[in-house]
Every structure is written in structure tokens, then in C-alpha cells.
Amino acid sequence: MSNLHNINKMDRVYLCLAHMSGNEMKYIKEAFDTNWVVPLGPNVDAFEAELEKFAGEGKKVVALASGTAAVHLAMVALGIGKGDEVICQSFTFAASCNPALYLGATPVFVGSEDKTWNIDPNKLEDAIKHRMQTTGKKPKAIVPVYMYGMPAYIDDLMEIANRYDIPVIEDSAEAFGSLYKGRMTGTFGRFGIMSFNGNKMITTSGGGALICPDEATKKKVMYYATQAREPKPYYLHTEVGFNYRMSNVCAGIGRGQMTIIDDHLAHHRRIARMYADAFAGHDVIKMHLEPESYMNPNYWLSTITFETPDSQRPYAPGEEIEPCGIVMKAMDALAAQGIESRPLWRPMHTQPLYKDAPAFVDGTCERLFRKGLCLPSGPCVTDNDVERVIAILKDCVEK
Ligand SMILES: *Cc1c(COP(=O)(O)O)cnc(C)c1O
């Protein structure tokens, strides 16, 4: 059974609903009692210190208003601007790449390999070479993502990035607590992203953080996050800034959440194990598991694919990019029982917003979108819920 206590069991089953440890109110009350109901304050400092300890590797962390703000500020700190190109993973949530547009830069999308579902090192190198030949300029950053918490082949990606001397921003928003060769994801590149949105591994009701390489970079990022105000008794500005700091009240929630992060991680991994055992050797349903023993995902969301002739076929030219029939049928069957599920991310290079962006893809992420499904995995999901999901899915493919 789960170690998590104080679960407010609701009738509906969600993918990953926020769950409070019970310790959050103590820190929030402290903020109120000391009148630190503002951005910055003791909870922010303490939360950042806890995140630095959690990330390890001597990294410095800045707590921010969202994970998207963290991506944006990483790009600002790297000096990305109008006319620049940023290499992004196509198979991701739009928050990984939209900040490039905020800055007038162009995302260049790279497809995934089908083992981790993350950016394919071979295609990454093709993309870098092609863009350098075409534009005469190097891409300004590479933004690999750890989809659903699954580590990427980060050693290979870093080797390529280092060879071309291009900084890496690891989007680890979904991978809080995931390990690659025993090291936290988000600590390999120049910058790493954390998200504390309501549906992520831990929440601050909405928030994020940027993992920085050193204290000087942290200071610079804090400067951009607080309107780029120069150290003067009045307001002097030489650069454009943002209002992106986390509030002291939200950081109090984060401190409470950090008291049970180990329980959350154990819970997500145990649920993944239940799905994996149930679908082991199944003809049609295949659980997405780490392809290497040195990868230890947090299993933020457990994901499956349906392997049928229809689900595996590529989209026909001009065909609407939609999940295949069996995915829709499974979603409907779960929804009829009050259970939430969701297709995988629709690749960015297939989004109308990004139809003109260069893309180095081979159909792998389209195929994943066509045949994949995210299953309930969060701290409010019980063993009984998982068993119901398994039974409904098996029933659905057999009928
Ligand atoms: C959630 C998420 C983000 C953004 O985080 P927010 O805190 O919601 O702004 C960025 N990238 C990925 C891959 C995410 O899943």
C-alpha cells in the first residue's frame, strides 16, 4: 500500500492531481504571521535551498512563477533574440518551445527515437549541420525534454552539444526526481527546468524553477525575473525584465511538498510497476518502460501504446493528425467509468502554430501520438483504481 496519507479520495480518477502532505499550511501560516505575503521571502529562500540540495551537483536554483517562465528566462540568459534559431524537441508540450517565439527566435524541431521517446541524437546532429550550412549560424541552444519523466540519451546529446559548443537547456519539467546514471535530470546542461504546476510531481499551486550552473548565473536570472532593476535607490533599467519570481506563499506550499517527495516518487514508480506487470507479454497493449538499466524515470505519467496494424500505420498524406481508433475507444471506455486519460503530446511540427518551422523528423513522434495513451498515475490514484484501469483497457482491446 501507498505511504501517502491524507488522501482526499474523489469519485473521479485523474491522471495526476495535486496532493497535499499536510505540512503546507504550517509554512503558509508562517508567511502570513510574519507578513511575508509577497514575492521573495524566507519560504522562497528555504525552498530554493531545498531544491538545490535535491538537484545536487553544486547547482543553484531560482524559484519562478512557472516552468514556462523558467524556459523563457533560460533563453533570455543565453541572449537568444530575433533571428536566432533554437533546436527543440518536437514531441513535447508547447511550453518547451513557445518562449523562443516570445523572443522572436525560430524553433527548429527534431524528432524522437522510439526507445525513450526523446530527441534523437542522430537527427540532432543532422539538424545542427543542416542549419549551419543553410543559415551560416549555429543554433543558439538545444532544448531536449524528458517526456513523462523518461530520461533521454543525455550523454550522447551532451557530447554533440559540447562538440558544436551549443548550450543545452534541459526541459525536466515532467522529470522531477528522474535519474540518469544516478544523477538528477536537469543537471547535465547549462540550465534545467522544473515545473510545480498543479499536475506535476509536486506543486506550488503553479510555479517552476530554473536550475543554474553557478551563483553568478543565478543572480543574473533573478535580475531578469525581477524587472531587470539596476542596483539604485530609484528604478533604473538598461535591459528588459520580467515579473517572474515565485511568491513567498507559493514557496510555502513547495516546502510542504518537499517533505513527501520521496513518497510521491515511490508511489508513481510503484503504479508504473503495476501497469507493467499487468501488460507484460500482452498482444496489443505495451507499457513504455526505460530502455536502459541506468535510467530511473519518475514515472510522472505511466504511458502505453496500442500495437495494432491500424495504430502502427503512418498517416496518409493530408490525413488529419489524430489518435487512432483504438486510443479514442479506450479513452471513451475509461471516461465512461469516470477515469481520466489523455493521448500523448501532438508533435510540435504538426501544430498549425509551427507549420513553417524547420523540422528534422522521420515519423516516429507522429506514430507515438497515433497509438499512445497516458494513464492515471498521481498520488491520489489507488491500487484499486489501477486495477480498474487495467481491466477496462484489456476488455476494450479484446472486444
Ligand atoms: C509542464 C511543462 C512545462 C511548463 O511548466 P508550467 O509550470 O506549466 O509553465 C514545460 N515543459 C514541459 C515538457 C511540461 O510538461
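Atoms within a ligand are numbered from 1 in the order they appear, just like the ligands themselves.
Residue Gly207 has at least one heavy-atom neighbour below 4.0 Å for each of these atoms of ligand 1: 7 (O). Heavy-atom contacts of Thr92 reach the following atoms of ligand 1: 13 (C) (cutoff under 4.0 Å). Within ligand 1, the atoms closer than 4.0 Å to a non-hydrogen atom of Ala173 are 2 (C), 3 (C), 10 (C), 11 (N), 12 (C), 14 (C), numbered from 1 in the order shown. Atoms of ligand 1 found under 4.0 Å from any heavy atom of Ala95 (numbered from 1 in listed order, with element): 3 (C), 4 (C), 10 (C).
The shortest separation from a heavy atom of Ser96 to ligand 1 is under 4.0 Å, placing the residue in contact. Using a 4.0 Å heavy-atom cutoff, Met147 is absent from the residues neighbouring ligand 1. Within the structure, ligand 1 lacks Ala69 among the residues with a heavy atom less than 4.0 angstrom away.
Side chain to side chain, Tyr235 and Gln227 fail the donor-acceptor criterion of an N or O pair below 3.5 Å.
Residues Ile271 and Val381 share a closest heavy-atom pair of CD1-O, 3.6 Å.
Aromatic rings of Phe54 and Phe176 (six-membered ring for Trp) have centroids within the 6.0 Å cut-off, being under it.
Under 4.0 angstrom from ligand 1, there are no non-hydrogen atoms of Val71. Only side-chain heavy atoms of Val145 come within less than 4.0 Å of ligand 1; its backbone N, CA, C and O stay farther off.
The closest side-chain heavy-atom distance from Phe47 to Met246 is below 4.5 Å.
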**Message:** With side-chain hydrogen bond (donor to acceptor under 3.5 Å, both in side chains) as the criterion, how do Asp155 and Tyr180 come out once you've worked through the C-alpha distance, each side chain's angles and the decisive distance to 0.1 Å?
**Reply:** CA-CA 9 Å; Asp155 277 349; Tyr180 177 96; 3.3 Å; yes
**Request:** Mind running side chain to side chain contact (heavy atoms under 4.5 Å, CB included) on Ile142 and Tyr164 for me, showing each step along the way?
**Result:** CA-CA 11 Å; Ile142 301 167; Tyr164 288 91; over 6 Å; no
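Salt-bridge check for Glu340 with Arg12: failed, with every basic side-chain N at 4.0 Å or more from each acidic carboxylate O.
Between Tyr148 and Trp345, the two ring planes are parallel [angle under 30°; tilted spans 30° to 60°].
Protein heavy atom closest to atom 9 (O) of ligand 1, with residue, atom name and distance, is Thr68 OG1, 2.5 Å. Protein heavy atom at the shortest distance from atom 2 (C) of ligand 1 is Lys200 NZ, 2.6 Å. Of all protein heavy atoms, the one lying nearest to atom 5 (O) of ligand 1 is Ser195 OG, 3.3 Å. The protein heavy atom nearest to atom 15 (O) of ligand 1 is Glu174 OE2, 2.5 Å.
Nearest-residue assignment for atom 8 (O) of ligand 1 (options Thr203, Asp171, Asn197; heavy-atom criterion): Asn197.
At distances below 3.5 Å, at least one donor-acceptor pair connects side-chain atoms of Thr204 with backbone N or O atoms of Gly206.
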